[in-house]
Amino acid sequence: MGAAGIASARTPNPVFEKDYFRVPQPTSFAQCPQFFVGGKPPAIPPRPMQRELCYEAFAVLHSGETRTPVYVAQRLNRRVLEQADKKRADKFFADARLPTAERAELEDYKRSGYSRGHMAPAGDMSTPTAMAQSFSLANMVPQNIQHNGGAWSKIEQDTRRYVLRAKGDVYVITGPVYTRTSPSIGGNEVRVPAYLYKLVYDSTTQRAWAHWQANREGEQVGAPITYQELQKRTGIDFSIRPAPQH
DNA sequence: CGGCGGGCAATG
DNA sequence: CATTGCCCGCCG
């Protein structure tokens with residue numbers, strides 16, 4: 001029911017309509033368990049203003065404190081990526097399912113010096129609707145421009161290449177990490193993460209690894225870190241039990 | 001060096 | 001608000 005949770009009220013146009021989100025429709029991860037390993041979302045220390053948002057191709061735990069996602073979950077496989085939509089639709093929008101007091105607006109990012117960085121990448125989306133939904137600001141963090149187009153883009157493409165060669169489903173969780181001194185942008189004070197991570201779990205081999213990147217210019221693609229190390233750095237229990245790593 | 005994928009901003 | 005042109009980094 002992932003897509004239905006959003007589009008059931010009106011679906012006729014396969015092309016994106018912004019009014020998909022005009023009427024706030026509460027969702028919970030119970031409506032889109034397919035994006036999580038075993039249907040089980042990560043265990044997050046409870047904070048105020050956290051909301052679970054289901055989309056057609058990904059799920060977002062959103063924070064009204066940072067006005068960014070806490071994490072974004074996807075389930076990918078070769079079939080999905082081969083259908084990937086070639087045409088990128090650059091229509092960013094504030095997600096109307098979030099109260100205005102909790103969400104980022106387009107103006108917050110404008111001339112902020114930061115780019116609107118996808119967590120679930122547009123390049124992973126296989127349908128026009130999924131592509132359009134990926135441009136929700138609930139799927140974005142303020143990201144260093146050079147990092148977004150450089151090392152981070154390379155990690156996204158490397159992940160897609162991996163999925164294309166994988167035998168089955170690959171689960172990906174992407175999210176920001178903040179420090180006490182992380183700055184904010186815009187009138188709504190959208191927090192700028194100090195780090196970004198991308199956790200990849202191949203359900204066939206039961207192997208997991210994670211990319212860990214500083215959100216800054218000059219950051220290079222480094223060696224992946226372990227699942228355990230990612231849990232340690234983020235304080236999040238990702239609810240995955242990967243096979244022991246070599 | 002051209003194409004592509006991550007973006008941006010100016011223009012009607 | 002949609003169209004268009006542009007920048008940048010990476011890769012073959």
Side-chain angles (χ1 to χ4, degrees), chain A residues 10 13-22 55 57-58 60 67-69 71-72 74 76 78 80-96 100 103-165 170 172-176 183-188 190-198 200 211-224:
Chain A
R10 38 154 63 241
N13 192 346
V15 178
F16 174 69
E17 299 174 312
K18 71 178 178 219
D19 54 5
Y20 274 147
F21 301 95
R22 181 160 297 162
Y55 297 80
F58 56 95
V60 173
R67 304 196 189 225
T68 68
Y71 60 74
V72 179
Q74 301 170 265
L76 299 172
R78 187 163 69 90
V80 166
L81 287 190
E82 278 177 344
Q83 297 170 349
D85 205 334
K86 303 301 176 201
K87 190 61 186 167
R88 184 182 164 103
D90 273 80
K91 282 191 199 155
F92 296 88
F93 62 97
D95 202 308
T100 55
R103 73 192 191 205
E105 304 289 346
L106 296 172
E107 293 69 30
D108 293 320
Y109 283 87
K110 204 150 208 162
R111 282 185 222 64
S112 67
Y114 289 87
S115 64
R116 299 164 289 201
H118 282 72
M119 297 292 90
D124 289 356
M125 301 301 153
S126 57
T127 71
T129 304
M131 170 69 77
Q133 291 179 354
S134 81
F135 283 84
S136 167
L137 293 188
N139 183 40
M140 305 286 161
V141 302
Q143 190 170 0
N144 175 273
I145 294 175
Q146 193 258 0
H147 181 240
N148 193 12
W152 191 251
S153 170
K154 190 171 182 302
I155 286 171
E156 291 177 340
Q157 292 173 45
D158 288 346
T159 304
R160 277 194 286 276
R161 271 194 290 272
Y162 179 86
V163 172
L164 285 169
R165 296 175 51 208
V170 177
V172 180
I173 295 182
T174 311
S184 303
I185 59 168
N188 293 313
V190 182
R191 293 292 298 285
V192 179
Y195 303 95
L196 299 178
Y197 66 87
K198 184 178 288 289
V200 184
H211 299 280
W212 179 269
Q213 294 264 288
N215 181 23
R216 68 181 173 212
E217 185 166 350
E219 183 76 348
Q220 305 286 320
V221 178

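All values reported here derive from a predicted model rather than from experimental measurement. Numbered from 1 within each chain, the chains take letters A, B, ... in sequence-line order.
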So do the side chains of [X] and [Y] get within less than 4.5 Å of each other, counting heavy atoms only?
| X | Y | answer |
| --- | --- | --- |
| M140(A) | Y109(A) | yes |
| V172(A) | L76(A) | yes |
| M119(A) | F58(A) | no |

Quiz item: For T174(A), what residues pass the side-chain hydrogen bond (donor to acceptor under 3.5 Å, both in side chains) criterion, not counting sequence neighbours?
Solution: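 Listed in chain order: K198(A).
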
Exercise. Describe, as an angle rounded to 10 degrees, how the axis at the first end of the helix from dC1(B)-dG12(C) to dG12(B)-dC1(C) is tilted relative to the axis at the last end, five pairs per end.
Key: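 Overall, the helix from dC1(B)-dG12(C) to dG12(B)-dC1(C) bends by 20° from one end axis to the other.
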
Exercise. Calculate the interatomic distance between I145(A) atom CD1 and dC6(C) atom P; express it in whole Å.
Key: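 About 19 Å, once rounded to whole Å.
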
Quiz item: Once you round it to whole Å, what is the distance between C1' of dG9(C) and CD of Q213(A)?
Solution: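 To the nearest whole Å, that distance equals 14 Å.
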
Exercise. Using side chain to side chain contact (heavy atoms under 4.5 Å, CB included) as the criterion, list what pairs up with R67(A), not counting sequence neighbours.
Key: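 Counting only residues at least two positions away or on another chain, R67(A) forms a side chain to side chain contact (heavy atoms under 4.5 Å, CB included) with A104(A), N188(A), V190(A).
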
Quiz prompt | Contacts of E107(A) that satisfy side chain to side chain contact (heavy atoms under 4.5 Å, CB included) - sequence neighbours left out | solution =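 Testing E107(A) for side chain to side chain contact (heavy atoms under 4.5 Å, CB included), a comparison that skips the adjacent residues, returns E105(A).
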
Quiz item: Can Q143(A) and L196(A) be said to form a side chain to side chain contact (heavy atoms under 4.5 Å, CB included), step by step?
Solution: CA-CA 9 Å; Q143(A) 190 170 0; L196(A) 299 178; 3.4 Å; yes

Exercise. Specify whether Y197(A) and W212(A) have parallel, tilted or perpendicular ring planes, treating 30° as the upper limit for parallel and 60° as the lower limit for perpendicular.
Key: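 Y197(A) vs W212(A) ring planes: parallel.
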
Quiz item: What residues in residues 108-118 of chain A put a non-hydrogen atom under 4.0 Å from any atom of DNA chain B?
Solution: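 When residues 108-118 of chain A is checked for heavy atoms under 4.0 Å from DNA chain B, the hits, listed by number, are R111(A), Y114(A), S115(A), R116(A), G117(A), H118(A).
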
Quick check: does any side chain N or O of [X] sit under 3.5 Å from a backbone N or O of [Y], one acting as donor and the other as acceptor?
| X | Y | answer |
| --- | --- | --- |
| N148(A) | S153(A) | no |
| E219(A) | A214(A) | yes |
| D124(A) | Q74(A) | no |

Quiz item: Looking across every strand, which nucleic acid part, if any, lies under 4.0 Å from Q143(A) by heavy atom: base, sugar-phosphate, or nothing?
Solution: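 It contacts nothing in the nucleic acid.
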
Quiz prompt | Touch class at under 4.0 angstrom, heavy-atom based, for R160(A) against every strand present | solution =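 Sugar-phosphate, backbone atoms only, no base.
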
Practice problem: Extract, from 5' to 3' on DNA chain B, the first and final nucleotides lying under 4.0 angstrom from some heavy atom of chain A. | Solution: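 Counting from the 5' end, contacts occupy dG5(B) to dA9(B).
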
Quiz item: Relative to the 5' end of DNA chain C, which residue comes earlier, E217(A) or R161(A), by the nucleotide with the nearest heavy atom?
Solution: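 Mapping each residue to its closest nucleotide by heavy atoms, the 5'-most match is E217(A).
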
